[in-house]
Amino acid sequence: MTGRGENHVDRALLTFDDRHVREWSAAAPLFTSYGARVTFFVCEPDRLDRDDVRLLRRLADDGHTIGCHVLRHERAPEFIAAHGPGAYLDQEVVPALEELRRLGFPARSFAYPCSARDESTDRLLLALFERLRGGVSADRRADPSLAAELHVPAGAIATRRVLPGCSVDSGRGAVAYGDDLTGVEAALRRTADDGGVTTLYAHCIADAHAANHVTPARLEKLLALADGMSLPCVGFDELA
């Protein structure tokens, strides 16, 4: 274990995707109770109603980061292969980014839908965003070797603009994803011990939902785990 000195930087980046604003807002007291700030990557911002916008602004006022997750959740490599990079920017990215900014959210970070990305999409999007979030297979979250794949050392944070993440969702509809988060726990422990950052993602926050979701109980378990390691949870904007 590396001793914690004055230059030791350790952070957990807990992120949530799509457009589950009401469920995210309902979990706000849980985040507050652990002093956690997280990132909400929003898609379909043009479909947010007045209450959604009000709640999202309240989350931002609480210190959470609001990022971009494109307009219609199209996978970047597939869309670009079919229509070209210009069309992807014009139809998926720029309209979402402009709408978020019109609503008052800077949206400096971006999360790839379905974690689908490659080096060419990274180059395209890094012209618009400070950081991007990709992902690893959710099957890896029970594998202790995940720690090495997710870990970004403290000395690399300033220049590592594409961060890998792993799902901590509990299930989708009637399908449960399993309770073994051994790899996720190992990743958090490595970051707490060695410094740097580890990124995780989920979607809706609910005991049950038709979409991908993490239960409040699992979310609290993860927040308590990070808290027990003295591992702060911060938003993407706080890495700038």
Legend entry - Distance (rounded to the nearest 0.5 Å) between H203 NE2 and S167 OG: 7.0 Å

Legend entry - Test item: R131 side-chain N/O and R160 main-chain N/O as donor-acceptor pair under 3.5 Å: yes

Inset, instruction - Run the numbers on D179 and K221 for salt bridge (charged side-chain N to carboxylate O under 4.0 Å, His left out), then give the verdict. - result: CA-CA 11 Å; D179 294 327; K221 178 181 177 181; over 6 Å; no

Inset, instruction - Answer yes or no: is there a side-chain heavy-atom contact under 4.5 Å between L200 and L13? - result: no

Legend entry - Evaluation steps, side chain to side chain contact (heavy atoms under 4.5 Å, CB included), between T182 and E185: CA-CA 5 Å; T182 302; E185 294 177 12; 5.7 Å; no

Inset, instruction - Would you give the length of the straight line joining atom CG of D10 to atom CG of D193, rounded to the nearest 0.5 angstrom? - result: 9.0 Å

Inset, instruction - Indicate, with yes or no, if the rings of H20 and H209 have centres closer together than 6.0 Å. - result: yes

Legend entry - Joint hydrophobic cluster, L223 plus I205, side-chain heavy atoms closer than 4.5 Å: yes

Legend entry - Full working for side chain to side chain contact (heavy atoms under 4.5 Å, CB included) between W24 and L55: CA-CA 9 Å; W24 297 338; L55 293 172; over 6 Å; no

Inset, instruction - With the side chain counted from C-beta on, respond yes when R117 and V162 share a heavy-atom pair under 4.5 Å apart, and no when they do not. - result: yes

Legend entry - Stepwise side chain to side chain contact (heavy atoms under 4.5 Å, CB included) check, F41 with T39: CA-CA 6 Å; F41 286 109; T39 302; 3.6 Å; yes

Inset, instruction - Mind checking the CZ-CG spacing from R57 to L103? Nearest 0.5 Å is all I need. - result: 6.0 Å

Inset, instruction - To the nearest 0.5 Å, tell me how far H69 NE2 sits from F110 CZ. - result: 8.0 Å

Inset, instruction - Taking all heavy atoms of G196 and all of T191, pick out the closest pair and write down the distance. - result: O-CG2, 3.3 Å

Legend entry - Step-by-step salt bridge (charged side-chain N to carboxylate O under 4.0 Å, His left out) determination, D180 to R141: CA-CA 7 Å; D180 190 346; R141 62 187 182 177; over 6 Å; no

Inset, instruction - Search all heavy atoms of L231 against all heavy atoms of R11 and return the closest pair with its distance. - result: CD1-N, 3.6 Å

Inset, instruction - Kindly say whether L30 contributes a backbone atom to a donor-acceptor pair with the side chain of S33 at under 3.5 angstrom? - result: yes

Legend entry - Cationic N near anionic O, under 4.0 Å, R161 to E130: no

Legend entry - Shortest non-hydrogen separation from A186 to P144 and the atoms involved: CB-O, 3.9 Å

Inset, instruction - Sequence neighbours left out, what passes salt bridge (charged side-chain N to carboxylate O under 4.0 Å, His left out) with D207? Give chain and number order. - result: none

Inset, instruction - Report the C-alpha separation of R22 and D52 in whole Å, then their side-chain angles, then the decisive distance to 0.1 Å, and conclude whether the side chain to side chain contact (heavy atoms under 4.5 Å, CB included) test is met. - result: CA-CA 7 Å; R22 285 169 171 77; D52 290 332; 2.3 Å; yes

Inset, instruction - Using the salt bridge (charged side-chain N to carboxylate O under 4.0 Å, His left out) rule, take R72 and E92 through it: C-alpha gap first, then chi angles, then the decisive distance, then the call. - result: CA-CA 6 Å; R72 295 292 180 262; E92 278 291 284; over 6 Å; no

Inset, instruction - Assign the ring pair F40 / H64 to parallel, tilted or perpendicular, where the plane angle (0 to 90°) is split at 30° and 60°. - result: perpendicular

Legend entry - L222-F31 co-clustered via ILVMFWY side chain contacts under 4.5 Å: yes

Legend entry - Y112 and D122: side chain donor to acceptor below 3.5 Å: yes

Inset, instruction - Determine whether E119 and R123 make a side-chain contact, defined as any pair of heavy atoms from C-beta on separated by less than 4.5 Å. - result: yes

Legend entry - ILVMFWY cluster, L150 and L181 together (side-chain gap under 4.5 Å): yes

Inset, instruction - Spell out, yes or no, whether L132 and V152 are grouped together once hydrophobic residues are joined by side-chain heavy atoms under 4.5 Å, including indirect joins. - result: no

Legend entry - V21 with L71, same ILVMFWY side-chain cluster at under 4.5 Å: no

Legend entry - C43 SG to R19 CZ distance, which is reported to the nearest 0.5 Å: 6.5 Å

Legend entry - C166 side chain reached by L146 side chain, heavy atoms, under 4.5 Å: yes

Legend entry - Smallest separation among heavy atoms of V168 and A202, with atom names: CG2-CB, 4.1 Å

Inset, instruction - Please report the closest heavy-atom contact between C68 and F129, naming both atoms and the distance. - result: CB-CE2, 3.8 Å

Legend entry - All side-chain hydrogen bond (donor to acceptor under 3.5 Å, both in side chains) counterparts of R133, not counting sequence neighbours: T15, D17

Legend entry - Cationic N near anionic O, under 4.0 Å, E98 to R101: no

Legend entry - Residue among L124, T121, D90 satisfying side-chain contact (heavy atoms from CB on, under 4.5 Å) with P85: L124

Inset, instruction - Kindly indicate whether the side chain of L163, heavy atoms from C-beta on, has any atom under 4.5 Å from the side chain of L239. - result: yes

Legend entry - Parallel, tilted or perpendicular: rings of H83 and F79 (30°, 60°): tilted

Inset, instruction - Can you measure from CG (L219) to CZ (F16) and round to the nearest 0.5 angstrom? - result: 5.0 Å

Legend entry - CG (D61) with more than 12 external heavy atoms under 6.0 Å: yes

Legend entry - All salt bridge (charged side-chain N to carboxylate O under 4.0 Å, His left out) counterparts of D143, not counting sequence neighbours: R140

Legend entry - Heavy-atom closest contact (L89 atom, P95 atom, distance): O-CD, 3.6 Å

Inset, instruction - Please check if any side-chain donor atom of D169 sits under 3.5 Å from a side-chain acceptor atom of Y201, or the reverse. - result: no

